[in-house]
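Following: one structure in structure tokens, then a few remarks.
These numbers come from a predicted model, not from an experiment. Just so you know, these numbers use all the heavy atoms, side chains as well, and skip hydrogens, waters and symmetry mates.
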Amino acid sequence: MATLKNIALEANVSLATVSRVLNEDPTLSVKAETKKRIFEIADKLDYKISSSRKTASNKKQHHFLALYNYKQDAEVKDPYYLSIRHGIENQCEKMNIGLINCYESKIQTNSRQVSGILLVGRMTKEVIEQAKKLTSNICFVNYTDHSELYDSVDIDLARISKEITNFFINQGYERIGFIGGQYDSRTPDLREIAFAEYGHLKNVVSEQDIYRGEFSSSSGYNLANQMLKSGNYPKAIFIASDSIAIGVLRAIHEHGLSIPDDIAMISINDCPTAKFTFPSLSTVRIHSELMGTQSVNLLIEKSRDARSIPLRVYVPSELKLRDTTK
């Protein structure tokens, strides 16, 4: 009967590599052709997983808790959040991992079986301390807490804010506005902070042109109406999310203004409807589902390797220019 050692010798790779490839370890970094060769050799040698290993593979090795800092209906208002959860759930299902979802930063389990916790969004110190009591295997998602020695999967919102500001400056705009949201009244959004600081440095931003509400289309609509009714508004706007931007689009249309001739705008997320709005949204594509996937992989890898050094993973973004910019 063929063994892993037989496959490793013929494929000229390590025994560990063969084992991880055949068990579809998502954290393994190996060339596609190497994976293909290992599977072909295993098939040729008629390698079989023993019944005991099959039984073991069906048993859940991990039980993760995903703790979201927002209400579940936020996923309806903004598909960005829904995409993160899908990434987490799909990867947990793929890796046969038990998963509990909890919202509004409320840990609704006393499970002693929790082997990893995903903290999605910014959490209070009290919530983090509560999570620590369940496990030390913790990963922040869509947020990075540099004061904590835990992994994180995030996006560089400060860099994105500067990129959008520079784009408008390079197009000749001397006044740029911001329409955004807040998770709670005590916590300013990083997009707004970075935009305001960099915009003031470049002398293109003033406090009167910064509008904040919720991360929803209705909030964007109301804030845009407030801005337009003043009669004195910027001709370029940075919008914190596509969901907010959809409401802003409607308000601008109702005021009889032309986009991008009268007002240009760029938002963030590149949700599925962004290319189908009228006009289609110029936006920054965020691979939010990948954030969820990679956070699960980090918990698995840290648990497996007993790694003590925290990793900071930043998912890349892409500026997608469409019809709301010149």
Side-chain angles (χ1 to χ4, degrees), residues 25-27 56-75 78 80-157 182-190 215 288-315:
D25 185 343
T27 64
S57 66
N58 289 329
K59 183 179 179 181
K60 295 187 185 301
Q61 298 295 316
H62 291 285
H63 294 270
F64 290 169
L65 171 68
L67 185 64
Y68 305 88
N69 74 337
Y70 46 81
K71 296 181 180 179
Q72 189 168 6
D73 62 6
E75 297 175 345
D78 193 337
Y80 175 79
Y81 303 117
L82 183 62
S83 183
I84 292 176
R85 177 166 66 81
H86 279 174
I88 293 171
E89 291 181 341
N90 290 341
Q91 192 66 359
C92 283
E93 182 178 359
K94 177 181 177 182
M95 302 307 299
N96 195 32
I97 295 170
L99 177 67
I100 300 172
N101 288 318
C102 297
Y103 292 88
E104 299 181 68
S105 303
K106 297 176 182 177
I107 300 179
Q108 298 175 337
T109 178
N110 58 358
S111 176
R112 298 173 185 173
Q113 296 181 336
V114 172
S115 56
I117 296 180
L118 300 162
L119 299 178
V120 184
R122 184 171 182 170
M123 300 291 172
T124 65
K125 292 296 181 184
E126 292 76 16
V127 171
I128 296 172
E129 290 301 318
Q130 190 179 359
K132 288 179 182 178
K133 293 177 182 178
L134 292 176
T135 179
S136 61
N137 192 16
I138 294 172
C139 181
F140 289 93
V141 189
N142 198 38
Y143 179 72
T144 301
D145 190 331
H146 294 284
S147 67
E148 295 287 348
L149 297 178
Y150 296 116
D151 295 347
S152 64
V153 182
D154 203 357
I155 51 177
D156 194 343
L157 287 173
Q182 285 181 285
Y183 297 106
D184 62 70
S185 58
R186 301 166 298 172
T187 309
D189 181 52
L190 182 56
F215 284 94
S288 49
E289 186 164 342
L290 181 61
M291 292 170 62
T293 300
Q294 291 306 312
S295 64
V296 172
N297 290 342
L298 281 177
L299 288 185
I300 296 172
E301 180 264 333
K302 184 179 180 181
S303 175
R304 185 194 65 218
D305 298 342
R307 172 173 51 78
S308 59
I309 299 175
L311 297 180
R312 312 280 191 234
V313 176
Y314 283 92
V315 175

- Message: How close do C102 and L65 get, counting heavy atoms only, and between which atoms?
- Response: SG-CD1, 3.5 Å
- Message: Which heavy atom of L299 sits nearest to which heavy atom of F64, and what is that distance?
- Response: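 The answer is CB-CZ, 3.6 Å.
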Kindly write out the residues that satisfy side chain to side chain donor-acceptor pair (under 3.5 Å) with [X], not counting sequence neighbours, or none if the list is empty.
{"X": "D189", "answer": "R191"}
{"X": "S83", "answer": "S288"}
{"X": "K132", "answer": "E129, E148"}
{"X": "D145", "answer": "S147"}

Applying side chain to side chain contact (heavy atoms under 4.5 Å, CB included), name anything that partners [X], two or more places apart in sequence or on another chain.
{"X": "T144", "result": "H146, S152, D154, R312, Y314"}
{"X": "V313", "result": "V153, L298"}
{"X": "D78", "result": "Y80, Y81, F215, S241, S243, N269"}
{"X": "N101", "result": "A66, Y68, R85, E89, L99, Y103"}

Hey, are the side chains of [X] and [Y] touching, using non-hydrogen atoms and a 4.5 Å cut-off?
{"X": "L118", "Y": "V296", "result": "yes"}
{"X": "Q294", "Y": "V315", "result": "no"}
{"X": "H62", "Y": "N137", "result": "no"}

